[in-house]
Amino acid sequence: MQVSRYWRMNAQRYMMANGGVATAEKEEEKTFTFSGRGTIYSYSTVYDAPAGFEAYKPYVVGLIKLDEGPMVTAQITDIDAKEVEIGMPVEMVTRKLRTEGDEGVIVYGYKFRPSVVV
Amino acid sequence: MTAFQRKNDLMKPDKPVGIVGYGAYVPRYRIPASEISRMWTGGEGGVPIKEKAVNGLDEDVVTMSIEASRNALDRAQIDPQDIRAVWVGSESHPYAVKPTSTMVAEAIGAVPNTQAADWEFACKAGTEAMQAAMGFVGSGMARYALSVGMDTAQGRPGDALEYTAAAGGAAVLVGPGEESAVQIHGSYSMVTDTPDFWRRAHAEYPSHGDRFTGEPAYFKHILGAAQYLMEAMGRTAADYQWAVFHQPNAKFPMRAAKQLGFTNEQIEPGLLSPRIGNTYSGSCMIGLTAILDVAQPGDRILMVSYGSGAGSDAFDLEVTEKINDIRDRATTTEAYISRRSEIDYATYTRFRDKLKM
Amino acid sequence: MGEHWDVSLRHLAWQAIEAALDDAKTTDIDALYVGNMLAGRLSHQDHLGALIADYSGLRGAEAVAVEAGEASGAIALRQALLAVKSGEIKTALVVGVEKATDQTGSEALSAQSTSLDADYETMHGVTPAAVAGLMMQRYMHEHQVELENFAGFSVNAHANAGANPLAMYRNRLKAERFAAAPVVSAPVNLFDAAPVADGAAAVVITSHERALAMAPKPVRIAGSAVATDGFALHDRQDILWLSAVTKSTQAALKRANLAIEDIQLFELHDSYTVMSALALEAIGLAERGQGWQLAAEGKIGRDGPYPMSTFGGLKARGNPLGATGLYQVVEASLQLRGEAGDCQIPDVKIGLTQNLGGSGATAVTHILRV
C-alpha cells in the first residue's frame, strides 16, 4: 500500500501549486499556482497501458506548454483521440489518475481538456 | 395550516446571509433515454426524460465537486483561505470512509484552516449543507462556507431509475448578505421517516418503493415545505419570478409546481432533468445555477429540494445587483449542458464501471 | 535473444559469462560488473553482483550490479573500464543480463516504465512507447514527416537480423507494411518499437598490454563517455535534441582522437525509429529533422556509409533492456574482428556503440577499434 508518495504531492497534483505553506518561521515561502492554461505541444494515444491504467485505455497523454512557460506531461481528457491537435488550447482539470486496486487509495491529479467556452 | 406549522420553525440567521458565488458542473457524456429503452423494452413505451449526463472514466464526485467549487470561487473572487467550511453532499462519495470534502478543500486551496465534512441525505444532502452554511455565516462563525451537492447516481440496470440517475451538480458559496449576489431570506426543513428509496450499506444499487415514491414521499414533502415557507415569508407563487424543485424526472417537478400555483415559465429555466437527468444531491442546486445565469436583480426564487427517507429543504431567495458582476466569471450551466457527447449503452456500462474486468 | 521461458536470470548470465571467458582465454577475474535494469521488479531478485559471481564460478571476486535504466549494460562496462584504468582491478568481467519475460502483461510494462520519471511522467500513464510517441508526433509536426518515412530503420534492422541466427525477429519487413502495424502508443506502432526480450552478453576488460598477451583478437576501447540530460522529457530545452547523445559522442570521439567521419559502424539505441533519427542528428551525421532520410536513402544499410544495427539492432535482434549495451559492444567487436558471420560488414576497423537510458536522460558512447 502506497500513500505518502501520493500525499506529499497533493498541492502539485490537485492544483499545480508548489507545496509551500507560509508559516511564522517561513513567511517568505508563498505558494505559486499555475493558471492551468496552456497549449498542446505534442501528444500520443496509449493503447498498451501499464498496470493501474488498463481500464482507461486508449487514453491520450500530452506535453502541455503552460502559458507561464514550463512544460508538463499529463493526460488530455474529455476528447476523442482523433480530435487532438498540436497547438490546441487546453485548461487544467483535476481528475482521477489511477486507483490502487479495488481497496487502495484513489489518486487524483491534473489533466488537461479542450477549453470550455464560458 | 399544516400540522408542522409552529412559531420559529423558519430558519433565519441573525445576520443577513446570501450566495456570493455559485458554480455548476455537468460531465460531457449523454446517454439518450431511448438507448436505455432499446436495451430493456425493445424501444417500446415512453421514457421519462430525453437524456441523462454520464461521468467519464476519470470523473467522480470529488473531481466534479472540485470543478463546480472552482467555478463558485471564480465568481466570488474571494481568497479560498477565508472559507471556514467545505461541505459536500452526495450519495455517491467515492470512499465509504474518507471525506470527499477534504480533497475538495485541498484542491481549491482552502486547507488547512477550515472545517470539512461530507453530507448524506439521499437527494437533499447539498441543500442541508447550504442551511448549515447559513448558520455558520449568519452566526458569525464563518465569513464563507462552501456547500456542494454532487452525484454520479447509481441506477440498477433495467430499473426505472436507470433512465434518470445522472451525474452533475453545483456548488454554492454562502457569505455575508452585503456581499451576496443572492440574498437568502429564509429556509425551512420538513422531514419524516418515509421509506420510499434507500441503499443498504454494501449494496451496489438503490431500491425504491415504486409508486410509493410519489404522493406520500416526494409530493407530501415538497408541497409541505414549499407551502410552509411561502406562508411564513408571506408570499405566494406570483411573488416569485422563478422556482426550482428537486427533479427526479420531468413530470414530478412540473406537477408540484402546478399544484403550488407556479406557471411553466417560472420553472422552465431551472428544469434541467429532461436534458441531464436527475443529478440527485445536485438536482435543484444545479437548477438554481441555471436560473442565476439568466436572473435579473430583484428576482425572487423559490428553491425546494427533496431527499428520500424523507425530507425537503425550502429556500426563499432574492437576486441582487451583484449578479451582473459575477455571472460571466465562470462557465455557465448552459455551456456545460451544451457540451455534449452522445454515448451508447455499451460505452455507458463501461463508464459506469458495470463491466467486470 | 528472445523469450527464454525455461532459462533463469542467473543461468542466462552464466551462459554469456562462460562464452566471454572462453573467448578471452582466461579465468583470472578480479571483479564482476553486472548491468541489469529490472531483476528486482521482474524476478524479485536484487543483489545480482554476488549472485551471479557465485553462480558463474567467480565466488570470492569483487562483484557489483549497476543500474542506469536501459543504459545499465554500457554503464557497467564504463565502471569496469574505470576500475581497470585506476589500476585497482587488473581484469574485470562485465555482463549485461535481463530476464524480461519473468513478468508479463501490464505489470511488465509498468516495470519497463520505471526508467522514466515516476512522479511526473509514469503517474500520468506514460510508458517508454508513449514518450517515444510524444517525440515522434512532434518530430512529424515540426519536420513535415509522415509515419511511413521512418520505415527505413525497421526495414534495415530486420534485413540485418535475417543474417543473425541469434536474432529475435529474422523475418523481412516490407516498407509498405510498416505504417499498417497495430498501434502501441500512437504514432508508435509494433513495427516501430523494439521488442523487449530476454538476453545476456558479456565482455572481459583488461589493460591493453595484458589483453595483447591474453587473447588472440582483443578489441581496444578507444573512447568511452557518459552524459545525462533533463530527466523528464518535458524538462528539456528541446525535446527533439538528444543533448546527452551529442555530449557523450563528442567526449568519446575526443578521447579516441577521432572525428565522426572516421566511424565505420554504428550500433545505436534503436528502441524506436524516432530515437534512431534523433540519435543520427545528435551525433552529427544528419541535420536537424533529416535523420530519417539516412534510413530512407539506404545510407544505414550494410553497403551504405553508415551501417547501423548490423545484427538487427534492438528492433529485430531484440531489446534486452539492461543487457543491450553489452550486446552492442559484443556485436561491434565481432564486426571489428571479422567474425560477424553473415552479418559481417567488410573492412571495419572503427565502430561506435551507443546505449540510452529512459528517453535519453543517460547516454553512454563507446568507440571500439582494432
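A note on names: the letters A, B, ... follow the listed sequences, proteins ahead of strands, and every chain is numbered from 1.
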Spell out, as yes or no, whether a donor-acceptor pair under 3.5 Å connects the side chain of B:R350 to the backbone of A:A55.
-> yes
Are more than 12 heavy atoms from other residues, nucleotides or ligands located less than 6.0 Å from atom CD of B:E321?
-> no
Rounded distance (nearest 0.5 Å) linking atom CZ of A:R113 with atom CD of B:E67 | 4.0 Å
Rounding to 0.5 Å, atoms OG1 (A:T94) and CE (B:M64) come to a distance of 13.5 Å
Please assess A:I106 against B:Y95 for the test side-chain contact (heavy atoms from CB on, under 4.5 Å), listing each intermediate value before the final yes or no.
-> CA-CA 9 Å; A:I106 305 167; B:Y95 287 89; 3.7 Å; yes
So do B:E106 and A:M15 actually touch side chain to side chain, heavy atoms under 4.5 Å?
-> no
When A:V105, A:T33, A:L97 are compared by non-hydrogen pairs under 4.5 Å with chain B, the top option | A:V105
Tell me, for B:M103 versus chain A, whether the close heavy atoms (under 4.5 Å) come from the side chain, the backbone, both or neither.
-> both
A:E103, CD atom: more than 12 neighbouring heavy atoms under 6.0 Å = no
Give a yes or no on whether A:E85 atom CD has more than 12 heavy-atom contacts from other residues, nucleotides or ligands under 6.0 Å away.
-> no
Residue part contacting chain A, namely of B:Y25, when any heavy atom lies under 4.5 Å = side chain
Between A:K96, A:K111, A:R98, which is the residue that forms a salt bridge (charged side-chain N to carboxylate O under 4.0 Å, His left out) with B:D58?
-> A:K111
For the atom pair CD1 (B:I66) and OH (A:Y108), what is the distance rounded to the nearest 0.5 Å?
-> 7.5 Å
Charged N-O contact under 4.0 Å between B:R339 and A:D78 | yes
